[in-house]
Amino acid sequence: MVRPSQIRLLLAGGAAGVLALGGGVAYAAIGSSTHDAGKVAARTPAGPDIVSKDFGSGMSAQASFDPSKLKLSPMPEPAPAAQSGVQADAADTRSLSLDGALPENTPDAFNAKGTVNAASSSAKIWTRHGKAPARTIGRLVATDDRVTGHFCTATVITSHNKSTLWTAGHCVHKGRGGTNGFYRYYAFQPDLNGTKSLGTWYLSTLRVMSPWANGGDQRYDFAAFTVQKHGRTAIQSVTGAQGVSFGYKHRKYPFRTFGYPGVLLPSGKKLHSPPNRLYYCSGTSFASRYPTGGLGILCTMGNGASGGPWLYGMKSNGVGRVAGINSTHMTATRQMNSPYLGSAAIKLYKATQG
């Protein structure tokens with residue numbers, strides 16, 4: 001048995017079928033050829049509070065740094081905390097299921113057949129850039145001084161405001177200090193491949209759950225944020241977006257997982273510095289105790305991959321649904337973990353997506 005001390009938080013960074021939802025209403029909202037999610041107006045679940053940061057007048061400062069000029073390193077890894085009991089989410093009856101979206105002016109391809117891939121726990125470089133899923137996934141940079149910074153991975157998800165992204169809580173918040181735990185500056189670079197990307201997008205709002213913000217509770221190690229528009233253009237119009245499946249009933253699903261790792265685990269082999277290549281693994285998830293109620297999968301992506309998506313039902317057009325994220329990794333095995341995305345994740349999504 002692997003002891004809790006043998007688990008670490010990651011940093012930075014997949015897959016076909018029908019996800020069994022947890023017995024509640026699945027809110028499907030498919031619009032035009034870009035499949036606009038629409039505004040989800042269903043009842044907001046009760047549960048932990050949300051801790052937010054709105055950059056407001058600090059927008060110009062957000063846009064005044066170049067992430068490519070920073071000295072980047074993996075996000076510091078807080079000591080794992082042993083959490084007992086079962087998260088209320090783990091048995092909830094609410095669910096949310098939304099299809100992803102293709103970039104604007106892209107032919108509709110939602111009739112594409114689901115992709116079939118062999119399981120691979122060894123992380124491989126994803127080579128198909130310029131289209132989903134790579135367009136929707138990117139490197140997230142956080143810094144306090146605009147000189148040194150840390151990196152993670154984040155994903156554009158379908159939303160009413162066309163500006164919402166999903167990542168790990170520890171990628172944007174230090175897990176202590178409440179509203180004081182956020183970093184000062186952030187930037188997101190979608191479809192980063194070497195020195196090329198779909199631009200630099202600066203954050204406008206950030207939201208995490210209070211159990212993470214006030215105590216680093218790994219059951220709530222997920223976050224949502226929005227980015228500023230480029231002129232009048234929202235990021236989803238450029239990148240497209242992945243869908244979401246929150247409140248699933250079981251723990252065994254086929255996934256493709258993605259991220260920008262700086263190291264492979266458990267070998268410790270270092271990769272590109274700074275991480276600028278998208279990697280992926282594929283396989284079937286299983287129940288995990290790290291954290292309680294979570295998901296596990298075998299994958300060697302390490303630090304730098306945190307916040308990357310676990311894509312379920314990814315079709316040949318590269319669009320699937322985010323049903324997990326890279327959160328922690330065992331130090332002695334290939335097991336990577338995701339917190340359960342249930343009613344708390346739904347609450348966070350609804351509060352962020354506009």
Side-chain angles (χ1 to χ4, degrees), residues 13-24 26-30 35 37 89-90 92 94-102 109-121 123 126 132-137 153-159 164-168 222 224 240-259 278-288 293-299 301 305 307-327 335-343 345-346 348-349:
V18 178
L19 195 65
L21 297 173
Y27 302 100
I30 304 174
H35 292 270
D89 277 5
D92 68 32
R94 296 184 180 91
S95 61
L96 177 68
S97 182
L98 296 171
D99 280 332
L102 296 167
F110 265 80
N111 291 323
K113 295 181 179 180
T115 58
V116 177
N117 58 284
S120 175
S121 62
W126 185 265
R135 288 183 73 95
T136 65
I137 304 167
T153 302
T155 308
V156 182
I157 57 174
T158 190
S159 62
T164 299
L165 292 89
W166 199 259
T167 190
F222 48 85
Q242 298 294 333
V244 298
S245 279
F246 297 159
Y248 36 86
K249 184 177 181 181
H250 304 294
R251 294 296 181 271
K252 186 176 180 180
Y253 300 106
F255 284 109
R256 278 187 179 173
T257 64
F258 292 86
L278 181 64
Y279 281 73
Y280 75 101
C281 293
S282 57
T284 301
S285 63
F286 49 86
S288 173
L295 299 177
I297 199 168
L298 298 182
C299 179
M301 288 192 295
W310 293 25
L311 293 186
Y312 177 84
M314 194 181 86
K315 297 182 179 181
S316 58
N317 62 4
V319 177
R321 295 179 180 180
V322 177
I325 55 166
N326 304 328
S327 172
Q335 181 175 332
M336 185 167 64
N337 305 291
S338 169
Y340 176 74
L341 301 181
S343 60
I346 295 172
L348 191 65
Y349 173 81

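Side chain of Ser327 to backbone of Ser338: no donor-acceptor contact under 3.5 angstrom is found. When atom types are taken as modelled, the side chain of Tyr248 and the backbone of Tyr340 share no donor-acceptor pair closer than 3.5 angstrom. Side-chain atoms of Ser285 come within 3.5 Å of backbone atoms of Arg251 as a donor-acceptor pair (strictly under, hydrogens ignored).
Take Thr155 and apply the side-chain hydrogen bond (donor to acceptor under 3.5 Å, both in side chains) test, not counting sequence neighbours, and it matches no residue. Listed by chain and number, the residues in a side-chain contact (heavy atoms from CB on, under 4.5 Å) with Ala224 are Trp166, Leu348, Thr352 (sequence neighbours excluded). The side-chain hydrogen bond (donor to acceptor under 3.5 Å, both in side chains) check on Ser288 picks up Gln335, Asn337, with sequence neighbours excluded.
Looking at every heavy atom in both residues, Pro254 comes nearest to Tyr312 through O-CD1, 3.4 Å. Of all non-hydrogen atoms in Pro339 and Phe222, the two that sit nearest each other are CG-CD2, 4.0 Å. Across Leu295 and Ala323, no two heavy atoms sit closer than the pair CD1-O, 4.1 Å. Between Met301 and Gly259 the shortest heavy-atom distance is SD-N, 3.6 Å.
The distance from the OG atom of Ser282 to the CD1 atom of Ile297 is 7.5 Å, given to the nearest 0.5 Å. Note that the SG atom of Cys281 and the CZ atom of Phe255 stand 13.5 Å from one another [nearest 0.5 Å]. Separating the CZ atom in Phe258 from the CG atom in Asn326 is a distance of 10.5 Å, to the nearest 0.5 Å. Between the CD1 atom in Ile157 and the CZ atom in Phe246 there is a gap of 5.5 Å [rounded to 0.5 Å].
The aromatic rings of His250 and Tyr253 sit tilted relative to each other, their planes meeting at an angle between 30° and 60°.
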**Request:** Would you sort out whether Gln242 and Thr158 count as a side chain to side chain contact (heavy atoms under 4.5 Å, CB included), showing the intermediate values?
**Result:** CA-CA 6 Å; Gln242 298 294 333; Thr158 190; over 6 Å; no
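You'll find the side chain of Tyr280 stays beyond 4.5 Å of the side chain of Pro133, heavy atoms only.
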